[in-house]
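These notes concern the structure reproduced below.
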Amino acid sequence: TEWNVSLWGKRRAFTEHVEKLAELLNEKTGGEFTLNISYGGLSNNRENLDGISIGAFEMAQFCAGYHPDKNPSITVLELPFLGVDSLELEREISMAVYNHPATQADLERWNARLLMPSPLPQYNVAGVGDAPRTIEDFAGLTVRATGGIGAALEAAGAVPTSMSATEVRQAMDSGVIRAASFAPHAHMSFGTIENADWWTTNLNPGAVNCPVVVNIDAYDSLSDAEREALDSSIDEALDYYIEYYNEQTMAAWGPALDERGIERVELAEEELTALRELAAAPAAQAWIEENNARGLPAQELYDLVIDTVAASKQ
Amino acid sequence: MAGTAQILTDDSTLSRIDQNFVKIERVLALLSGLAVFGLMLLAVFSVAGRNFFDRPVPGYVDWIEQFMPLIAFMGISFTQREGGHIRMDMLVGRLKGRALFTFEFITTFAMLILMALLMWGSWAHFQRSFDFAAPMWSRDSTMDIGLPIWPAKLLAPVAFSVLCARLVLQLYGYARAIVLGLENPVAVPLPIDVATQAALEAKTVSGHDD
Amino acid sequence: MEPIEIGIIVSLGLLFMVVIGMRVAFAAGLAGLIGLIAIFWAKKDFAGDQFIWALTVSVKTAGQVPHSKVASQALSLIPTFILIGYLAYYAGLTKALFTAAKRWIAWVPGGMAVATVFATAGFAAVSGASIATSAVFARIAIPEMLAVGYDKKFAAGVVAAGGTLASLIPPSAILVIYAIIVEQDVGKLLLAGFLPGIFSAIVYAALIIGMAMTIKGFGPAVGGFTWKERFASLPPAAPILIVVLTIVLFVYNPFGGEAWGTPTEGGAIGAFVVFLMAAYNGMRWKELRGALLETAKLSVMIFTIIWGVLIYVRFLGFADLPGAFSDWLTSLSMPPLLILVCILLAYAVLGMFMDAIGMMLLTLPVVYPAVMALNGGEMVSAADSTFGMSGPMCAIWFGILVVKMAEFCLITPPIGLNCFVVAGVREDLSVQDVFKGVTPFFIADAVTIALLVAFPSIVLWLPSLA
Ligand code: NA
Ligand code: NA
């Protein structure tokens, strides 16, 4: 069996779990089951779910926030200020939500079966000018932040602006925005750290959730040995991903900040608590109401995430 | 590369249908043009809002993405009617009469097959983004402020179906010219020799300074 | 059948459809769709009962492309750039620009022709399209050159060549299209076009001055303008500067301060400024409607090519032809620079028969990754690279070279659209006459391209600042 896999961009930390999976499958099945990974050749990143539904390819990666209405169930993982502070925890809450029957039914509409997450670190904010130290400092801060994170920062008084990621650096250099919310690797690749003065270490406003899915028909038509090889490789691929991300990307991040003399801003715990009350609670409430209307067990999904986070902190 | 063509008219039924149909097509094309104008105004609002009112247009990128299909698709049939989709006319530029219209018939028919299939494909694309049961009938939304995308996706099959109708009309025009042996049939774009065509193009951009 | 074989057969079929006169956008779309069907059907070993499945998957895959490719913020620059051109013309800025160029520059040898070159360069800064520029200046500049005794063919050649500057000097629709195909920063590419555009104009001017000094009775210098007259010519032409400044300031602030926004906004604000001028100049709804309709027609034409070709490109992705071509090219045992020169020569040949946009869209998906691989990959650092520049810089450099080649093809026989346009405006000139008159500029363009290849910093200096 050969599967086509639709990713986008280039090979990077964000895609290492799929690359590892391909390697493991090849080994375990003696070359019987291979993954043919394409970076952008098979689909647009925002149409990967469509491609799965059509059957154009068998495996794909996408991000929930690209199209909330396509996958409302997993957007719960993108709610702001969930309190996630590590890739391991991000993986844990993702798998918890992916394994919920309501989520599985939601993705079944696209003939898609959730395989594994691509855990991303929190989208902490880097910016120019005076660093925000209290909630009041967020008032009027023009920041590139989309979706739930944008809404949450707006609740704190910031002015979220949307633009494509490639325009962010220039917008920041030119004063169109003063700050941008990205994962560290994106801060580096989109150049926002080149001129930044500060970066928040513990604002942890949220992250995008990007699962890897497979076409259900293709999955069902695998031989038992192949399916076993696939299922048994996922944990290993994820372990590898997290290790790689921490060692490659996060290890480069600290020195990158130091080199440019970027200040690490740590907000006080009471500021964070206040911020969560101001921004997180209303966002969660709005999400629950909206998704109840869609017929999802929204409260249950939200509680699942919150409880998983709480359990990890015990 | 031909960009312009002549379309002859008379008072036959075919020509009357063509002339009435082009009125619809022109309105759709003007909608494209107005969308470009709207895009320009949107940027003005965005820049002004940001600089003078501290209030950028929310979801600026999302709105641009909603405008673009309007610009890209609505004029497709009008452009085909005017012979405005470019092609290489090294071969057809040298042909005349039946030989010419046979080639035109074949390539237009091939276009019709493609567009009919794409009507199906783009309709399916629309359908995947549309759900009567969902809020705002939306099963696909934009990245930033969550606008439903189905209206923009619907524009493709709509514009493509207008183009298909135009292609059927042109196929009939070519078939008629082949059967009756017409030199200068109505309702189809006739390639003009390159020099005349260039003169026409030049006129459309120069007249004002005279 | 292997996907690569399907890829080659379908590509030949596309060539055939284009040659027999099928409109390029739809020929590419159909080739792509047929190719997809072949690929999917081949996966099922061409079993008869699997054809419908292959057809369905292919049609649905292709059916996503028009909307998903067109709904892009970066592409929104194209219609606004086109709109600027049409509005600038209604704003009546051309004549003012030519008068100013004449009074300030025409005192050099070959003065009127040099003035024409710089006036077209100035108009290029508001016009995104080469053909429009040539057409406008054929009316204004040729009569003035004839009046002071220039050879008619040469005068036509100056205008045809000058028009090509519009696609290098920003705004330029073609540079935007390149940036989108290769997924590079639009703003940097637009910036990168600026110096090579000016550089081309200077090479043209140097050629004219050289000819004027060596050829007897070539065309006199036109002096005698007083400083008062010179300064009086500036205010009517000044609006062009305002537009240029607006666009430039939004992309990159040359005064060392902050830019004012993003390229997307810059294009739109530029269009708005020209719109206000045109309205002030007496443009009413009837003219605006005409301008919008023309903008729509040209935009639709370009967008249809874009999505049509991208269906074909999607098929290429499933066939993995770009990867194969890139592997083949990097395996050649030729010096990389020689390979690059061969690619550019191939563009010169192809460009004789095709238009610039179609040519770029059809070839770049295959050629661009190969060139990047030749340089050492997309993310290669300048130190490790073949051509001595980082991946993103190589993308910019190659883009300017390709666009310059495409512009070169606008003035070469047999299909040099700019020459046709000039001949069309001047009924006393045949196309052959214009091709004769433009010949000296082939040399100038060849020199320019050679220098851009030899000294990439002409291209890369400005974008490296931004
Ligand atoms: Na230009
Ligand atoms: Na040519």
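FYI, side chains are in, hydrogens and waters are out, and symmetry mates aren't considered; it's all heavy atoms of this structure. Letters A, B, ... are given to chains in the order of the sequence lines, protein chains preceding strands, and every chain is numbered from 1.
- Using a 4.5 Å cut-off between heavy atoms, A:A145 contacts chain B through its backbone alone, with no side-chain atom that close.
- Inspection of non-hydrogen atoms places A:D50, A:S53, A:I54 of residues 50-63 of chain A under 4.5 Å from chain B.
- Crowding of A:W110 atom CH2: a count of heavy atoms from other residues, nucleotides or ligands under 6.0 Å exceeding 12.
- Using a 4.5 Å cut-off between heavy atoms, A:P160 contacts chain B through its backbone alone, with no side-chain atom that close.
- By the 6.0 Å contact criterion, CG on A:N292 is enclosed, its count of non-hydrogen atoms from other residues, nucleotides or ligands being greater than 12.
- The closest donor-acceptor contact from the side chain of B:S141 to the backbone of A:D69 lies under 3.5 Å.
- Around OH of A:Y39, the count of heavy atoms belonging to other residues, nucleotides or ligands within 6.0 Å exceeds 12.
- Within the model, atoms CZ of A:R46 and CG of B:D140 stand 8.0 Å from one another, a figure rounded to the nearest 0.5 Å.
- Interface residues of residues 109-139 of chain B toward chain A, defined by a heavy-atom distance below 4.5 Å and sorted by number: B:H125, B:R128, B:D131, B:P135, B:S138, B:R139.
- The contact between A:R109 and chain B is made by backbone and side chain atoms together, counting heavy-atom distances below 4.5 Å.
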